[in-house]
Structure formats: C-alpha cells, structure tokens
2 protein chains.
Amino acid sequence: MAEKPGRPATIFDVARLAGVSHQTVSRVLNDLPNVRASTKQRVELAIKQLRYVPSPAARALVTRRTRTIGAIATGGPDYGPSSTMLGFNEAARAQRYAVSMANVVESDLASVREAVELLLRQNVEALVLITERVGVLDAVLRIETGIPLVAVDPTGRAEHAVAIDQYQGARIAVEHLLSLGHRKILHLAGPLDSVDAGERARGWRDVMAASGLAAVEPLVGDWSPDSGFRAGETLSAADFSAVFVANDQMALGLMHSLRAHGRRVPDEVSLVGFDDIPEAAHLAPPLTTLRQDFATLGRQIMDSLAELLSGEAGDERAPIIPQLVVRASTGVPTVNRVSV
Amino acid sequence: MAEKPGRPATIFDVARLAGVSHQTVSRVLNDLPNVRASTKQRVELAIKQLRYVPSPAARALVTRRTRTIGAIATGGPDYGPSSTMLGFNEAARAQRYAVSMANVVESDLASVREAVELLLRQNVEALVLITERVGVLDAVLRIETGIPLVAVDPTGRAEHAVAIDQYQGARIAVEHLLSLGHRKILHLAGPLDSVDAGERARGWRDVMAASGLAAVEPLVGDWSPDSGFRAGETLSAADFSAVFVANDQMALGLMHSLRAHGRRVPDEVSLVGFDDIPEAAHLAPPLTTLRQDFATLGRQIMDSLAELLSGEAGDERAPIIPQLVVRASTGVPTVNRVSV
DNA sequence: GCGTCTGCTGTTAGCGCTCACAGCCCGGGC
DNA sequence: GCCCGGGCTGTGAGCGCTAACAGCAGACGC
C-alpha cells in the first residue's frame with residue numbers, strides 16, 4: 001500500500017523500498033545470477049507492493065531490442081490468412097514477443113510499402129509477411145529492411161519461408177478424381193496474382209499431362225463464392241465430368257450455378273475444393289476438399305523466426321502437406337456407371 | 001551516401017550533417033514552429049541522406065507516450081471478429097497508431113488476463129477488446145489498467161463501447177418471418193456465454209411475446225455449422241414453420257440436417273440467419289440473413305479511442321443496425337398456401 | 001600472515017530523444 | 001541613443017533502464 005499516486009514506480013523506487021541498489025533490482029528483473037535468494041525475495045516483494053512494471057522504452061533504448069515482431073497481412077478476413085495469423089500470434093506470445101499488426105486490405109504496393117515503413121519505424125526486430133499476392137511478396141522481398149523476414153511462400157522466392165505445399169495438394173486432388181475414373185477434369189483457378197493459385201494450377205496441369213490428358217485453359221476466379229458462381233455460368237454445356245476448384249468458397253458458388261442449371265453433384269459433375277473451411281462439411285452435397293493446417297503454419301512462422309533471431313542453425317522446414325477429405329461431392333463419373 | 005555502416009544514425013548525426021543543433025532537428029521531426037524554411041530543408045535533406053529513423057524507444061521514454069494500442073480478440077478466425085479487427089487496424093494505422101495484437105484462441109480467463117498484462121507491459125496507451133464472451137468482457141472490465149478501454153459490447157456493460165445492435169437485428173429477423181405469416185418460429189441460439197447470442201435471443205423472445213406467440217425454449221449451438229446440424233437432428237418431427245438461426249454457419253448446418261430429413265427450405269421450413277457471410281448468397285437455397293457492418297464497427301472503435309485519448313467530448317455512438325437481406329430461404333408458410 | 005578467487009552488491013556512464021530555458025539577432029518604438 | 005520583443009537557435013538536464021566495471025566481503029590455499 002506504500003503507493004505514490006503520482007506516477008508509475010521506477011526501478012529506483014523498488015530499489016529504495018527493498019534497500020538495495022537499482023542494479024540489483026535490474027538483476028532480479030532479468031533473472032541474472034549472483035543475487036542472494038533472500039535479496040531476490042525482498043526485491044520481488046517490493047516490486048509487487050509498488051506494482052512496478054519495467055519500462056519497455058527504457059529497456060529498448062539501451063538494449064536496442066524491442067522484442068516486437070511486425071506482422072503484415074494482406075486481403076480480407078479470409079479463413080486461411082486469419083487462421084495463420086492467429087497461430088503465429090499465439091506462438092509469438094508464448095515466447096513473450098509482442099506482435100505489431102499491419103493488415104492491408106487494399107493491397108496495392110504503395111500501401112504495403114507504407115505498412116512496412118510504419119513497422120520499421122517501430123523498430124520491430126523482424127517481419128512476418130502473410131500474403132498470397134505475388135506482387136506484394138516480391139515488393140516486400142525487395143525492400144532493404146535490415147531485419148529478418150519470414151514469409152508464407154510455397155514458391156521458394158523468399159529466403160526464409162514456411163509453406164503449405166499447394167502444388168502437392170493440387171496433385172492429390174486431381175489424382176483423387178483420376179482414381180474415380182474422371183478424365184475430363186476442369187480447373188477453376190484462383191486469381192492470377194496469387195502464388196497459391198499458381199501452385200495449385202501447376203499441380204493440376206502436371207498431373208493431367210502425366211496422365212496424357214488435355215488440360216484446357218483453366219477458368220479464373222477471385223476466391224469468392226460469387227466468382228465461382230460466375231465461372232459456372234460460363235460453363236453451361238461444356239463437356240466435363242469433374243472440376244478441381246482452387247478453394248472451397250468458389251466451389252460453393254460453382255455448386256450453386258450447377259444446381260441452377262440442373263447439373264447434379266456428384267452424379268453428373270464431381271467437385272473437389274481446397275481449404276476445408278468449416279462450412280465445407282455441410283454444403284449440398286458436402287464438399288470433398290483438401291484440409292490445410294494453418295495453425296501449424298502460423299506456429300512454424302514463429303519457430304523459424306526464433307531461429308533467425310537467436311542465430312541458431314535453423315534446419316529447413318518441410319512444407320506442410322494438405323490432407324484429402326473425401327465427402328459427397330466426388331463420385332464415379334456417369335459414363336463409367338452407364339457402361340456397366 | 002555519407003553513411004556510417006556502424007549503426008543507425010541518431011539525431012546528433014543529422015544535426016552535425018545539417019550544421020544545426022539536435023534540438024532543431026527535433027523541432028523539424030515534430031513539425032514545431034520557429035524553424036526557418038531553409039534550415040528545415042537542410043535538416044530534411046540530412047535525414048534522407050543518413051536514412052535517419054527516430055528511435056521510438058527514446059521518444060517514448062521521455063514523452064511517456066508509445067502511440068501503441070493493445071488489441072485483444074478472443075476465439076477463432078470467424079468472419080465477424082476478423083473483419084472488425086481489420087477495420088480497426090486500418091483505422092489505427094491511418095492515425096499513425098501502432099497496434100499490438102493479442103489473440104487468445106482458448107479464451108479462458110487466465111489466458112486473457114495474461115494477454116492484458118503482456119499488453120500493459122508494453123505500455124500501450126489504450127486497450128481494445130473484441131470478444132463476445134460475457135466472462136471475458138466482465139473479467140477485462142474489472143481489471144484496473146489505468147488506461148482507456150473500448151470494447152465491442154451491445155449490452156452496455158462497458159463504459160466505452162461500440163456495437164452492432166444485435167437485439168434490433170433479431171427483431172427485424174423475426175418480424176420478417178411474422179410478416180410472411182409464420183407463427184411457429186423457433187430460435188437456434190448461439191452459445192450461452194455470448195453477449196451477441198443473448199441479445200439476439202432476447203430480440204426473438206420480445207417480438208414473439210409482443211405478438212402473443214409462444215416462444216419455446218431456444219435450441220443452443222456454438223456458432224459452428226456442425227452444431228447447427230446437430231440441432232437439426234433433435235428437431236426431427238417438431239412442429240414449426242420457421243427458424244430464426246443466430247448465425248449463418250449454424251443455419252447452414254441446420255439446412256443440411258433438414259435436407260437430410262427431407263424437409264424442404266423454404267417450402268416447409270423458412271430460415272433466417274445472421275451475419276451475411278460471403279457464402280450465404282450461394283447456399284441451397286440462398287440464405288435470408290442480417291448483414292452486419294463490421295468494417296464500420298472497427299472504424300468506430302478507433303474513432304471512440306481517438307476521442308478518449310485526446311480527451312475530447314466524444315458524443316455517444318449509436319449502435320449500427322443490421323440490414324435484412326432477403327434471399328430464398330424464407331417464404332410463405334405451407335399451411336397458409338394450402339388453405340387457399 | 002598474505003594473496004587470490006568467488007559471490008554478491010554498488011557506482012557510473014550512457015542509450016536517443018524531448019522539455020525547459022537561455023541565448024542571439026534584428027526590427028521597431030521612444 | 002536606448003530598450004524591448006519576437007523569431008530562431010542552442011544548451012543542459014533527465015526520462016528509466018542496462019552494461020561495464022569497481023568494490024567488498026568471506027573462503028581458501030599456502
């Protein structure tokens with residue numbers, strides 16, 4: 001209760017109350033050796049009594065370390081990036097790092113650059129970049145920040161990257177369709193400037209080519225259900241038995257369009273999505289898709305960062321492989337069934 | 001190019017290069033008056049040449065202002081909270097405030113308290129709380145932080161709150177069903193510890209009571225599509241013609257269950273959701289729901305905070321009213337149609 | 001006995017800024 | 001001539017901490 005109402009206690013106030021020098025208090029604060037147990041106790045008591053909180057500013061000023069990480073994310077509140085950010089944030093907090101967030105919705109390059117600068121002005125010790133946009137990724141990689149950067153990047157552009165193996169996920173999706181007997185497999189891709197979309201399209205193309213199948217130019221959406229619906233509208237009478245859709249939301253929109261045109265899923269058209277959003281299991285029909293472990297991805301970001309900041313070895317982290325979740329939107333193609 | 005590779009430039013380096021005192025540099029940095037235009041120019045040139053960035057730590061040490069806001073969010077990557085956080089983050093950045101994020105997934109009280117303390121240790125100037133959990137809200141409100149707190153809170157618990165009017169939204173939803181002729185209207189509520197869920201249930205109950213209709217005990221879910229599905233399974237043969245579902249995801253799960261039991265929407269059962277998630281327009285059938293303007297909510301948080309921090313008057317902010325979006329999941333009840 | 005080492009504690013000097021205040025110069029009033 | 005005031009600039013102190021080093025015991029070896 002010996003509280004001065006004036007202003008927050010400093011290390012000197014604690015020292016006086018505990019009857020030691022401020023340096024001894026500092027030693028207790030930083031858990032340094034060479035402090036007698038009884039002294040330590042007295043100091044800790046004084047700290048509690050005065051409700052002393054060390055000043056991060058003073059500390060940062062002398063140590064030149066802010067223990068803060070700047071996290072940049074682009075785009076809206078989508079399931080994937082949000083989950084990744086959450087996972088990272090929790091991991092960072094567990095290691096007592098503060099996270100300064102800069103979420104750029106309109107991810108034009110100027111805004112992104114500005115966000116980076118704002119973070120640098122805060123003297124963050126490292127940067128995390130969660131974006132799927134090629135342009136943003138390349139732009140941030142080009143900036144000379146002088147601090148470590150870890151990016152979510154399945155393409156290997158970034159020096160320090162973590163990733164979910166989008167390419168492999170796409171292969172698994174298409175191979176699933178192939179194994180059911182599908183041969184005419186379309187692809188509804190994500191936006192052209194998305195690294196994830198690019199990798200998924202590449203996976204689809206490669207599997208098709210390896211199977212000697214023609215891969216017609218993929219349709220392109222923007223991840224939104226609306227764009228999936230619109231893509232479906234252009235498809236009307238096209239000849240295909242399955243579509244590998246680059247994400248669940250577009251698959252939902254496409255489903256909607258197919259339904260509107262009387263093409264039944266999976267009886268006439270099989271659909272595979274990507275992400276396994278919480279909604280996927282309850283669509284009509286429940287969607288076969290690839291689950292991505294975003295939480296682990298987020299944690300990996302922090303792990304990778306911790307290695308960089310401590311200057312440790314840092315073994316390469318293998319990309320996370322998405323997991324196929326088979327539900328009711330995929331089945332044996334009609335032609336096969338008819339030919340029995 | 002006159003760059004010392006050693007360590008970052010300080011205000012004294014700039015002063016020397018510009019041929020002025022460090023104080024004049026400080027004046028330029030802070031845009032204070034009484035600096036000759038030509039002097040200012042020289043200083044600015046020196047700043048650019050040395051790539052000088054002022055130290056936030058040194059600044060914070062003497063001004064006692066960190067220009068940082070701590071933002072606490074609880075729960076997973078749901079559409080609503082994520083959007084709100086995004087809106088807030090952009091607004092804060094626009095006012096040159098840094099945002100230190102603490103996202104607590106497992107929102108037990110101990111973790112939340114810990115998150116608050118971590119932020120306080122960073123000397124944030126204010127706190128933002130984005131949670132729907134009664135327990136978390138109450139717990140944080142009780143903590144003596146000594147700094148302003150703005151919470152998302154439609155119940156009026158928090159002294160400084162912004163909100164979407166959940167109660168009013170629920171009334172609009174139920175009134176929509178009433179106007180179509182429904183009388184037996186169930187409610188599938190969100191979790192019991194959710195302020196939003198409570199307000200929505202209250203709105204439903206009040207409208208039912210005002211219309212002299214019996215409001216049977218609502219079903220309770222946890223916002224997830226899965227819980228909506230499970231709720232549907234318990235409903236099998238119950239007597240009702242419409243359900244007001246407390247969010248879109250549960251509505252989706254419920255839809256799934258109804259479909260599985262051959263009860264058609266909207267022919268036999270009308271459904272109204274809440275949120276207007278991007279998926280809502282493409283469900284089978286497209287979902288009637290209430291749209292919430294989360295982006296504006298996020299901006300309001302920052303506006304409210306700015307007032308508090310500047311000590312301005314700060315007029316009360318009226319809660320945002322959700323907007324009814326009528327789609328195909330609601331229609332005239334069967335009995336009425338049959339009775340023609 | 002002395003020197004030395006080890007465990008603990010204190011003293012001093014900054015870290016890079018802003019604040020308060022002390023100048024300086026020049027124009028204008030008397 | 002003088003003084004006064006306002007625009008501009010510089011000087012010194014200090015924010016609250018850590019790093020480096022200095023000191024001061026007591027234990028121990030010889």
Side-chain angles (χ1 to χ4, degrees), chain A residues 4 6-44 46-47 50-68 96 98 120-125 146, chain B residues 4 6-44 46-47 50-68 96 98 120-125 146:
Chain A
K4 285 271 162 58
R7 50 166 65 177
T10 77
I11 201 172
F12 287 93
D13 300 324
V14 175
R16 198 176 318 120
L17 182 58
V20 297
S21 75
H22 72 279
Q23 177 61 1
T24 298
V25 177
S26 172
R27 274 189 272 259
V28 172
L29 288 175
N30 295 290
D31 238 338
L32 295 175
N34 295 343
V35 178
R36 205 186 328 192
S38 66
T39 310
K40 184 168 176 176
Q41 252 178 10
R42 278 214 318 284
V43 170
E44 277 166 348
I47 288 174
L50 295 174
R51 292 204 201 167
Y52 167 71
V53 175
S55 153
R59 202 172 250 180
L61 185 57
V62 52
T63 60
R64 296 161 192 289
R65 302 208 47 198
T66 54
R67 226 180 159 73
T68 299
R96 327 217 72 231
L120 289 178
R121 259 173 226 291
Q122 295 169 39
N123 278 11
V124 296
E125 292 182 28
Chain B
K4 286 272 163 62
R7 50 167 61 175
T10 75
I11 203 173
F12 288 92
D13 299 326
V14 176
R16 199 175 319 119
L17 183 59
V20 297
S21 75
H22 70 278
Q23 176 59 9
T24 299
V25 177
S26 172
R27 275 189 272 259
V28 171
L29 289 176
N30 295 289
D31 238 339
L32 296 175
N34 294 345
V35 179
R36 206 185 327 189
S38 66
T39 310
K40 184 170 177 175
Q41 252 179 8
R42 276 212 322 284
V43 171
E44 277 165 349
I47 288 174
L50 295 174
R51 292 204 201 167
Y52 167 70
V53 175
S55 154
R59 202 173 251 179
L61 184 57
V62 51
T63 60
R64 296 158 190 291
R65 302 206 49 198
T66 54
R67 226 183 157 71
T68 299
R96 326 219 71 231
L120 290 178
R121 260 172 224 292
Q122 294 169 41
N123 279 9
V124 296
E125 291 181 28

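Lettering follows sequence order; numbering is per chain, from 1.
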Do the side chain of B:Arg27 and the base of D:dG10 come within less than 3.5 angstrom through a donor-acceptor pair of N or O atoms?
yes
Looking at the base of C:dT12, is there any donor atom on it, or on the side chain of A:His22, that sits under 3.5 Å from an acceptor on the other one?
yes
Taking all atoms of both residues into account, what is the closest heavy-atom pair of [X] and [Y], and its distance?
X        : Y       : value
B:Ala18  : B:Ala46 : CB-CB, 4.0 Å
A:Tyr52  : A:Thr10 : CE1-C, 3.5 Å
B:Val124 : B:Thr66 : CA-OG1, 4.0 Å
B:Lys40  : B:Val35 : N-CG1, 3.9 Å

Check whether any side-chain N or O of [X] sits under 4.0 Å from OP1 or OP2 of [N], and answer yes or no.
X       : N      : answer
B:Ser21 : D:dG10 : yes
A:Asn30 : D:dT18 : yes
A:Thr24 : C:dT9  : no
A:Arg64 : C:dG16 : yes
A:Arg36 : C:dC8  : no
A:Thr39 : C:dT9  : yes

Please give, in whole Å, the distance from D:dT18 P to A:Arg65 CZ?
13 Å
Heavy atoms only, 4.0 Å cut-off, all strands: where does A:Pro33 land among base, sugar-phosphate and nothing?
nothing
Where each residue is assigned the nucleotide of DNA chain C containing its nearest heavy atom, which of B:Thr10 and A:Arg42 is assigned the position nearer the 5′ end?
A:Arg42
